[in-house]
Amino acid sequence: MALAGGIGGARFLRGLRLAAPDAEITVIGNTGDDISLFGLRVCPDLDTVMYTLGGGINEEQGWGRADETFTVKEELAAYGVGPGWFTLGDRDFATHIVRTQMLAAGYPLSAVTEALCDRWKPGVRLIPMTDDQVETHVVIDDPDKGRRAVHFQEWWVRLRASVPAQSIVPVGADDAKPAPGVLDAIRDADVVLFPPSNPVVSIGTILSVPGIRDAVAARTVVGVSPIIGGAPVRGMADACLTAIGVETSAAAVAAHYGPDLLNGWLVDEADAGVEVPGIAVRSRPLLMTDERAAAAIAEAALDLARELDKDAA
Ligand code: GDP
Ligand code: CA
């Protein structure tokens with residue numbers, strides 16, 4: 001089983017599915033990035049996983065639908081209705097309409113996600129980390145409005161993380177419960193994998209739901225570094241790490257997870273020789289240039305997990 005954010009998680013999972021075609025793969029998705037826009041509930045990370053594994057993703061972009069058009073967004077803008085900085089395409093809108101309709105009818109997000117996956121058939125069981133609302137907020141010193149908390153998406157997408165984050169808070173996490181099936185899936189798993197997802201606002205947010213961190217810590221856990229040669233492969237994860245006082249390096253991220261949680265860590269060849277006390281580190285190419293490359297990384301993660309298996313020890 002694996003925890004997953006958006007792009008890094010989804011591409012790794014596509015490789016994992018190829019590397020372990022007979023495995024039952026459960027994925028716990030991050031919902032801290034979720035946001036309500038135009039009256040619709042949008043779950044960017046769940047959708048990125050669902051579209052990527054279901055063959056509907058915009059490959060170049062890494063998020064959103066392939067063959068997308070933007071008529072609804074243009075029509076909304078013509079009414080002066082924003083935000084204009086968050087792009088939703090016409091095909092994507094349908095997903096959010098279905099989701100919002102089901103939520104309004106009383107279905108929990110986990111049931112809604114299952115229903116959406118009936119169409120996409122991602123080949124994994126995708127469960128949101130919680131059915132409760134958790135929203136990642138970022139405290140910034142706004143040049144115009146002073147210190148304030150903004151939704152993660154406003155900081156990430158509108159501000160491109162260019163304003164330093166004073167803190168990053170998963171609002172609502174303390175009172176959230178893991179979604180049905182989450183703790184069982186972790187307990188029953190042969191191995192728990194951390195894809196190269198954002199350690200703070202993807203993996204960190206999932207782990208902030210009470211019960212999940214302890215359940216994960218009891219398993220054999222192998223992670224893949226999203227940081228290569230001191231920088232994120234894509235995106236601005238460095239801005240998130242800086243906000244929580246962690247250096248942007250493969251070693252610092254592993255040390256941040258810590259040996260109580262993480263048993264094995266794959267780093268890129270560029271970081272060969274890196275050592276983290278209490279954690280078994282292996283180096284290999286970590287660029288997910290295509291599905292085959294991602295599968296080879298997943299295979300290496302599974303190999304390391306077998307080597308470190310807590311139950312076998
Ligand atoms: P998000 O929710 O879309 O930001 O996606 P995730 O949290 O799942 O993953 C974001 C992380 O994936 C970033 O920090 C990137 O550095 C990392 N990433 C993206 N592509 C690759 C890759 O090919 N190899 C590795 N090792 N990391 C990657
Ligand atoms: Ca995300």
Side-chain angles (χ1 to χ4, degrees), residues 1-6 8-10 12-13 16-17 23-36 40-54 95-137 151-153 169-195 197-219 221 261:
M1 71 111 35
L3 313 188
F12 174 81
L13 289 167
L16 178 63
R17 195 179 53 181
E24 275 177 38
I25 302 170
T26 300
V27 178
I28 300 177
N30 172 42
T31 60
D33 295 13
D34 295 6
I35 186 168
S36 292
L40 301 175
R41 194 68 184 157
V42 179
C43 302
D45 284 359
L46 293 179
D47 289 349
T48 294
V49 170
M50 184 174 78
Y51 293 155
T52 301
L53 295 178
T95 303
H96 312 314
I97 291 170
V98 174
R99 174 183 294 121
T100 305
Q101 219 171 17
M102 287 189 71
L103 289 171
Y107 291 96
L109 182 62
S110 51
V112 175
T113 303
E114 200 180 329
L116 294 171
C117 285
D118 274 346
R119 170 183 176 193
W120 289 102
K121 309 213 179 329
V124 301
R125 179 165 165 237
L126 176 62
I127 317 179
M129 65 191 197
T130 179
D131 281 333
D132 302 318
Q133 196 157 311
V134 175
E135 275 191 357
T136 303
H137 288 192
H151 190 287
F152 170 73
Q153 298 294 358
V169 187
V171 177
D174 287 351
D175 301 317
K177 288 181 299 299
V182 165
L183 295 182
D184 287 343
I186 297 170
R187 198 180 318 112
D188 298 343
D190 295 322
V191 54
V192 177
L193 300 175
F194 291 180
S197 283
N198 189 307
V200 184
V201 296
S202 294
I203 305 287
T205 307
I206 298 171
L207 293 172
S208 75
V209 176
I212 294 187
R213 174 184 289 269
D214 287 347
V216 169
R219 315 298 313 170
V221 181
L261 187 67

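Positions are given from 1 along the sequence.
Not a single salt bridge (Lys or Arg N to Asp or Glu O under 4.0 Å) links Arg17 to another residue, sequence neighbours left out. Considering only residues two or more places apart in sequence or on other chains, Phe12 meets the ring pair (Phe, Tyr, Trp, His ring centres under 6.0 Å) condition with none of them. Taking the salt bridge (Lys or Arg N to Asp or Glu O under 4.0 Å) definition, one finds that Asp34 meets it with nothing, sequence neighbours left out. In this structure, His96 has no ring pair (Phe, Tyr, Trp, His ring centres under 6.0 Å) partners at least two apart in sequence or on a different chain.
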Next item on the list: In sequence, state the C-alpha distance, the side-chain angles, and the governing distance for Thr26 and Asp188, and then conclude on side chain to side chain contact (heavy atoms under 4.5 Å, CB included).
Entry: CA-CA 10 Å; Thr26 300; Asp188 298 343; over 6 Å; no
Test side chain to side chain contact (heavy atoms under 4.5 Å, CB included) applied to Thr52 and Leu13, step by step = CA-CA 9 Å; Thr52 301; Leu13 289 167; over 6 Å; no
Carefully, step by step, assess Val191 and Arg219 under the rule side chain to side chain contact (heavy atoms under 4.5 Å, CB included). CA-CA 7 Å; Val191 54; Arg219 315 298 313 170; over 6 Å; no
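Contact of the Leu109 side chain with the Cys43 side chain is registered, since non-hydrogen atoms from C-beta on lie closer than 4.5 Å. For the pair Gln153 and Val42, the minimum side-chain heavy-atom distance is 4.5 Å or more. Side chains of Arg41 and Met102 form no contact here, defined as non-hydrogen atoms less than 4.5 Å apart. Annotation: side chain of Met1 is in contact with side chain of Ile186 (closest heavy-atom distance under 4.5 Å). Counting heavy atoms from C-beta outward, Pro128 and Leu46 have side chains that approach closer than 4.5 Å.
In this structure, OG in Ser202 is found 5.0 Å from CG in Asp45, a value given to the nearest 0.5 Å. Atom CZ of Arg119 is separated from atom NZ of Lys121 by 10.5 Å, given to the nearest 0.5 angstrom. Taking OG1 of Thr48 as the reference point, atom CG of Asn30 lies at 10.5 Å (rounded to 0.5 Å). Distance check: Ser110 OG to Ile127 CD1 gives 8.0 Å after rounding to the nearest 0.5 Å. To the nearest 0.5 angstrom, Tyr107 atom OH is 14.0 Å from Asp131 atom CG.
Scanning both residues, Gly32 and Met129, for their nearest heavy atoms gives N-CE, 3.9 Å. Annotation for Pro108 and Leu103: closest pair C-CD2, 4.2 Å, computed over non-hydrogen atoms. Closest approach of Ala4 and Val49 over heavy atoms only: CB-CG2, 4.4 Å.
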Table please: side-chain donor-acceptor pairs of residues 206-216 below 3.5 Å, with sequence neighbours left out.
residue : atom : partner : partner atom : Å
Ser208  : OG   : Thr205  : O            : 2.6

Return all side-chain donor-acceptor pairs below 3.5 angstrom for residues 174-183, not counting sequence neighbours, or 'none' if the list is empty.
none

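Residue Ile25 forms a side-chain contact (heavy atoms from CB on, under 4.5 Å) with just one option from Val124, Leu193, Leu53, Leu126, and that option is Val124.
Using a 30° and 60° split on the angle between ring planes, His137 and His151 fall in the tilted class, from 30° to 60°.
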